Amino acid sequence: MRTPVLTALSSQAPQDSITVCGWVRTKRDSKTFSFLEINDGSCLRGIQAVVDAGVPGSEDLPKITTGASVQVTGRLVASQGQGQAWEIQVTALTLTGPADESYPLQKKGHSMEFLRQIGHLRARSNLFGAVFRTRSRMAFAVHTFFQERGFVYVHTPIITASDCEGAGEMFRVTTLPQGSAAKPEEDFFGKPSFLTVSGQLEAETLACALGSVYTFGPAFRAENSNTSRHAAEFWMIEPEMAFCDLQGDMDMAEEQMRYLARVMLAQCAEDLAFFTKMVDKGLTDRLKLVAEQPFKRVSYREAVDILLSSGQEFEFPVVHGHNLQSEHERYLTEKHFQCPVIVFNYPKEIKPFYMRQNDDGETVAAMDVLVPGIGEIIGGSQREERPERLRAAMEHHQLREEDYWWYADLRKYGTVPHAGYGMGFERLLMFVTGVSNIRDVIPFARTPGTADF
RNA sequence: UCCGGUGUAGCUCAGCGGCAGAGCGGGUGGCUGUUAACCACUAGGUCGUAGGUUCGAUCCCUACCGCCGGAGCCA
């Protein structure tokens, strides 16, 4: 029975017999013994194993190099050296699988670009081990956050026949042979079908039955976006709440961000310290800010006024009624407020049809959460629950009623105010790890021109 | 898709219109309770691809491809 390295290193007392399995990070030879540093992914640190010449298996030491997998059994003892509290005095060593000199990971650092080319091995590096452990913790924390608040986890379809809200270009799903002249009616679903870009509209139908729900699953965008913040396949968290307005929506988004920052600080301390040291010196302080301070909230109108009177030179002009550019959002959260900011009540012309129109006739009850370093991390809104207003909005956006009949039905039968938002899971991970490229917070990134592994 | 940058040893990068360089990694030997160990020796290259300019191009020019940064789209 193997003991995870994390458990071994957390031991309170010496142990007579312990078995650890993992991959060798470094080996340092002496004449009469060798040090192996063994990492098994359970935590950032490895455990030091001391192998005296002559113990069973030590004849394989010449073949045990960086990258090899080994099993060691021995006594857990206080280390005589300085760098670690515990080490294993090995009594039996097994070379499980050698790694020859072509093993690409060195002890020294590699560039992120190189590590992406060896996506099948990069999880064995310190940084990517930490990133993927964090990803798991954060995913679990997302579930506990909503479950503790009575939300129902719902699974919305991944294959869809409705171009929901036109959120982006979609990947076509078909069983028709390539180049087929067959009509969509002859295809598998009897109509054109696609990979989902968002589960929001379906989630709304479930919220209008179960109260508060959330989705947490993959979404797909066939946009030719070549940026560090966009992937063609990404995971999205989409809560949807019945009997909730924009205020409640913003409150929940802020509470969720705060909760996740606290989980990161409390439960990923070792990995967080590593990110702060190696990736982003300001990371821990920024997370503390999010965990402790209330977010600033400004209306779109106020935000534009702040930008106009900032005296700041922007590449793109600030204009009332135009969308905020990335540089504008970054200025608000990084320079002006220096904390997370929620901007709400956007002009209706720049927002999708389903957002609830405000009484001023010009704006909709939309909100974006902006965080330093990332920009927009959450986008949400109160949904239009009034049938006649929704119909007018669809007409204005030139959407066909027959495509959204079921969505409109929610307003026809027992309509309620409701609201929700979408959070990009990878963007969250970028925020809590400091990693600046979305390709490096998902094990196998799908971006234009790249679908390796 | 647009703008800018970049491509040289396994990795990270210098370099230069005229014989291809370092550090790290690899190999060999040595040394040491070591810890991104240390010391010595050693192997390793179609300088992204294709054209062009030139007596001569890794270097200058053009195109293409890859990657990086920024923008748009958004999460």
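In what follows, chains are A, B, ... by sequence order, proteins preceding strands, each numbered from 1. As the structure is a prediction and not an experimental result, all values here were calculated from the model.
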Checklist entry - Nearest of rG10(B), rA71(B), rU35(B) to any side-chain atom of F316(A)? => result rA71(B)
Checklist entry - Within 45° of the ring axis of Y259(A) and under 6.0 Å from its six-membered ring centre, is that where the NZ or CZ of R149(A) lies? => result yes
Next on the checklist: Take N1-N3 plus N6-O4 or O6-N4 for Watson-Crick, N1-O2 plus O6-N3 for G-U, both under 3.5 Å. Which runs of 3 or more such pairs involve RNA chain B?
Outcome noted: B:1-7 with B:65-71, B:10-13 with B:21-24, B:26-30 with B:38-42, B:48-52 with B:60-64
Item to check | Positive for side-chain contact (heavy atoms from CB on, under 4.5 Å) with V72(A), one of I38(A), I18(A), T91(A) | outcome: I38(A)
Item to check | Options rU34(B), rC31(B), rG72(B), nucleotide nearest the side-chain atoms of F35(A) | outcome: rU34(B)
Item to check | Pairwise C1' distance for rA14(B) and rC73(B), with rounding to whole Å | outcome: 40 Å
Checklist entry - Cationic tip of K296(A) within the cone over F337(A)'s six-membered ring, i.e. under 6.0 Å and within 45° of the normal? => result no
Checklist entry - In whole angstroms, how far is the P atom of rU12(B) from the CZ atom of R116(A)? => result 12 Å
Checklist entry - Hey, which of these two, T66(A) or E327(A), hits RNA chain B nearer its 5' end, going by closest nucleotide? => result T66(A)
Next on the checklist: Using a heavy-atom cut-off of 4.0 Å across all strands, would you classify I377(A) as base, sugar-phosphate, or nothing?
Outcome noted: sugar-phosphate
Item to check | Nucleotide nearest Q80(A) (side chain, heavy atoms from C-beta), chosen from rU35(B), rG72(B), rG33(B) | outcome: rG33(B)
Item to check | rC38(B) and rU34(B), which share atom name C1', separated by this distance in whole Å | outcome: 10 Å
Next on the checklist: Students often get this wrong, so: under 4.0 angstrom with heavy atoms, is T450(A) touching a base, only sugar-phosphate, or nothing?
Outcome noted: sugar-phosphate
Checklist entry - Closest to the N437(A) side chain: rG33(B), rG69(B), rG72(B)? => result rG69(B)
Next on the checklist: Measuring only the P atom in each nucleotide, how far is rU8(B) from rU46(B)? A whole number of Å is fine.
Outcome noted: 12 Å
Next on the checklist: side-chain hydrogen bond (donor to acceptor under 3.5 Å, both in side chains) for T284(A) and T276(A)? Distances and angles first, verdict last.
Outcome noted: CA-CA 6 Å; T284(A) 298; T276(A) 303; 2.7 Å; yes
Next on the checklist: For F295(A), does the six-membered ring have the charged nitrogen or CZ of R258(A) within the cation-pi criterion, i.e. under 6.0 angstrom from the centroid and within 45° of the normal?
Outcome noted: yes
